[in-house]
Student: 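Dropping the structure in here first, questions after.
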Amino acid sequence: MDGIELFSIQETPEERVHDFIPQSFDDYIGQQELKEKLKVYTQAAKMRGEALDHLLLFGPPGLGKTTLSQIMAHVMSVGIKICSGPMMERTGDLVAILSSLNHRDILFIDEIHRMPTNVEEVLYSAMEHFRVDVIIGQGAGAKSVNLPINPFTLIGATTKTGMISAPLRSRFGISERLEFYCEEELRDIILQAAAFLKCSITPDAALRIAQCARGTPRVAKKILRRVRDFAQVANRDIIDLAFVEQALTFLGMDEDGLNKIDNLLLRTIVDNFQGGPVGLETLAALIGEDKETLEQVYEPFLLRSGYLEKTARGRQIPHKKLPYLKKKFFGQNTLL
Ligand code: ADP
């Protein structure tokens, strides 16, 4: 096991089914400021009996955008439909979903920046006037009819702020960003998930997992599941710090909280490019990962923890980290 799948953007079906899903703002740990605002907005909309304003949520995968939207639907006692931008290939796909929404329901569209332009255009009049154009009939006799739909709330989630078109962005009444989580918040998310899984783990062991979770609840929960597997096989009733250390080593995570891909990426820049800069595409090709995964999964953590920096000419290792990495990868007596 090389630990790579621990950091994958996608959730496995097993994870979705056997997962603790926070149902209230109180269960949702962290993102305090955002939570307070959303509590007020949802409560006000509920008191008025109106749909909430359309909301755009920014943030890397796994930070809790879908979960937050589910909580909002729960609090407002409305339904929620969850879909993703690239899944909607034809305008008819979106029109069918929009027409099926009940009064005040939430439509959550993940990766909204990846929706085809013609499909996106359907959203404009749906968001603004709660109306959609439907084509009736076929061939020469086909005509477009403008039909009303129920007032609804669109929650658009995106990892790329710059890729949302201006007309779409302007139709959102609220626009908010999710932040990476601190280690203590992740520890609490791990303890919460562990309680749901009926798995005993000590707080310091949970904190150790949190330190390897890249500020991301989805990663924290994935590592917990793998550690739980080890505990099960080893017949351990309680997961403590020493056991977590062993499991992390087995999962390919080192004392810096870096996994094999992180180390390969850094080592490639040190070894092949004397610390950089080097373009992302070249790096991706050399280490055999796709560019998007590097950008979304590995880079944010390496950038935040000071192992990597972005320049106009590509990625490079910051000067003050270079000696440490040379020593780590090539030992003290390197000529590099
Ligand atoms: P996103 O939509 O941003 O990709 P998700 O909402 O799917 O992220 O969250 C990923 C996982 O992490 C889910 O299992 C979710 O329940 C959990 N999670 C995310 N944020 C929190 C939080 N603040 N508190 C507790 N669990 C969380």
Side-chain angles (χ1 to χ4, degrees), residues 5-39 42 55-75 80-87 106-115 153-161 164 175-197 199 201 203 206-207 209-210 212-228 292-293 295-298 300-301:
E5 69 281 13
L6 289 174
F7 303 99
S8 96
I9 308 172
Q10 304 300 335
E11 236 164 10
T12 64
E14 186 222 48
E15 280 165 3
R16 264 195 297 274
V17 175
H18 305 287
D19 190 15
F20 172 77
I21 300 175
Q23 298 288 321
S24 68
F25 285 116
D26 290 339
D27 285 344
Y28 189 90
I29 294 160
Q31 310 291 346
Q32 213 50 41
E33 232 175 85
L34 171 61
K35 232 166 58 168
E36 292 308 322
K37 285 192 212 165
L38 295 181
K39 260 189 205 176
T42 44
L55 164 66
L56 188 58
L57 289 177
F58 296 117
L63 287 199
K65 299 181 289 299
T66 315
T67 309
L68 206 46
S69 307
Q70 286 167 322
I71 293 172
M72 287 161 70
H74 196 253
V75 168
I80 178 166
K81 285 219 159 78
I82 297 177
C83 52
S84 94
M87 246 170 55
I106 291 178
L107 172 61
F108 177 87
I109 306 184
D110 203 10
E111 296 189 87
I112 196 163
H113 62 276
R114 290 180 60 196
M115 209 158 46
T153 300
L154 175 69
I155 302 186
T158 181
T159 47
K160 303 212 166 159
T161 34
I164 303 279
S175 186
E176 293 290 346
R177 169 181 295 278
L178 277 85
E179 305 295 340
F180 283 105
Y181 292 71
C182 70
E183 287 172 3
E184 286 71 26
E185 289 166 344
L186 289 169
R187 175 199 58 202
D188 293 346
I189 290 172
I190 292 164
L191 292 172
Q192 184 189 53
F196 176 80
L197 293 169
C199 142
I201 179 165
L207 185 64
I209 295 180
C212 297
R214 302 164 174 251
T216 308
R218 181 173 297 146
V219 175
K221 290 171 89 169
K222 274 179 192 268
I223 301 177
L224 171 67
R225 282 176 173 280
R226 297 294 73 85
V227 173
R228 182 180 70 137
E292 202 171 51
T293 306
E295 216 175 359
Q296 290 193 10
V297 181
Y298 297 100
F301 174 71

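As the structure lists them, so they are numbered: ligands from 1, and atoms in each ligand from 1. Side chains are part of it too, since the values below use all heavy atoms of this structure and drop only hydrogens, waters and symmetry mates.
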Student: With heavy-atom distances below 4.5 Å as the criterion, would you say the side chains of C83 and L107 are in contact?
Tutor: yes
Student: Checking T159 now: which residues fulfil side chain to side chain donor-acceptor pair (under 3.5 Å) with it, not counting sequence neighbours?
Tutor: none
Student: If we only consider heavy atoms of Q70, is any one of them less than 4.0 Å away from an atom in ligand 1?
Tutor: no
Student: Mind listing the side-chain donor-acceptor pairs of residues 186-196 below 3.5 Å, one per line with the distance, residues two or more places apart or on another chain?
Tutor:
| residue | atom | partner | partner atom | Å |
| --- | --- | --- | --- | --- |
| Q192 | NE2 | D27 | O | 2.8 |

Student: Does the N or O separation between L63 and ligand 1 drop below 3.5 Å for any pair?
Tutor: yes
Student: Quick one: CG on L57 to OG on S69, what's the gap to the nearest 0.5 Å?
Tutor: 5.5 Å
Student: If hydrogens are left out, which of F196, Y28, F108 has an atom nearest to atom 21 (C) of ligand 1, that is, the closest non-hydrogen atom?
Tutor: Y28
Student: Check contact between G62 and ligand 1, using heavy atoms of the residue and a distance below 4.0 angstrom.
Tutor: yes
Student: Give, for atom CD of E185 and atom OH of Y28, the distance between the pair rounded to the nearest 0.5 Å.
Tutor: 10.0 Å
Student: Under 4.0 Å, heavy atoms only, figure out whether ligand 1 is touched by the backbone of K221, its side chain, both or neither.
Tutor: side chain
Student: Indicate the atoms forming the closest heavy-atom contact of M72 with L38, along with that distance.
Tutor: SD-CD1, 3.8 Å
Student: Could you list the atoms of ligand 1 found under 4.0 angstrom from a heavy atom of K65?
Tutor: 1 (P), 2 (O), 3 (O), 6 (O), 8 (O)
Student: At the 4.0 Å heavy-atom cut-off, does Q31 count as touching ligand 1?
Tutor: no
Student: What are the atoms of ligand 1, with element, lying closer than 4.0 Å to any heavy atom of F20?
Tutor: 16 (O)
Student: Please say whether P22 places an N or O atom under 3.5 Å from an N or O atom belonging to ligand 1.
Tutor: no
Student: In terms of atom number and element, which parts of ligand 1 are under 4.0 angstrom from non-hydrogen atoms of T67?
Tutor: 5 (P), 6 (O), 9 (O), 15 (C), 16 (O)
Student: Quick one: does G64 get an N or O within less than 3.5 Å of an N or O on ligand 1?
Tutor: yes
Student: Should I223 and C212 count as side-chain neighbours, where that means a heavy-atom distance under 4.5 Å?
Tutor: yes
Student: For ligand 1, which atoms have a heavy atom of Q192 less than 4.0 angstrom away?
Tutor: 25 (C)
Student: Between F25 and L68, is the side chain to side chain contact (heavy atoms under 4.5 Å, CB included) condition met? List the steps.
Tutor: CA-CA 8 Å; F25 285 116; L68 206 46; 4.1 Å; yes
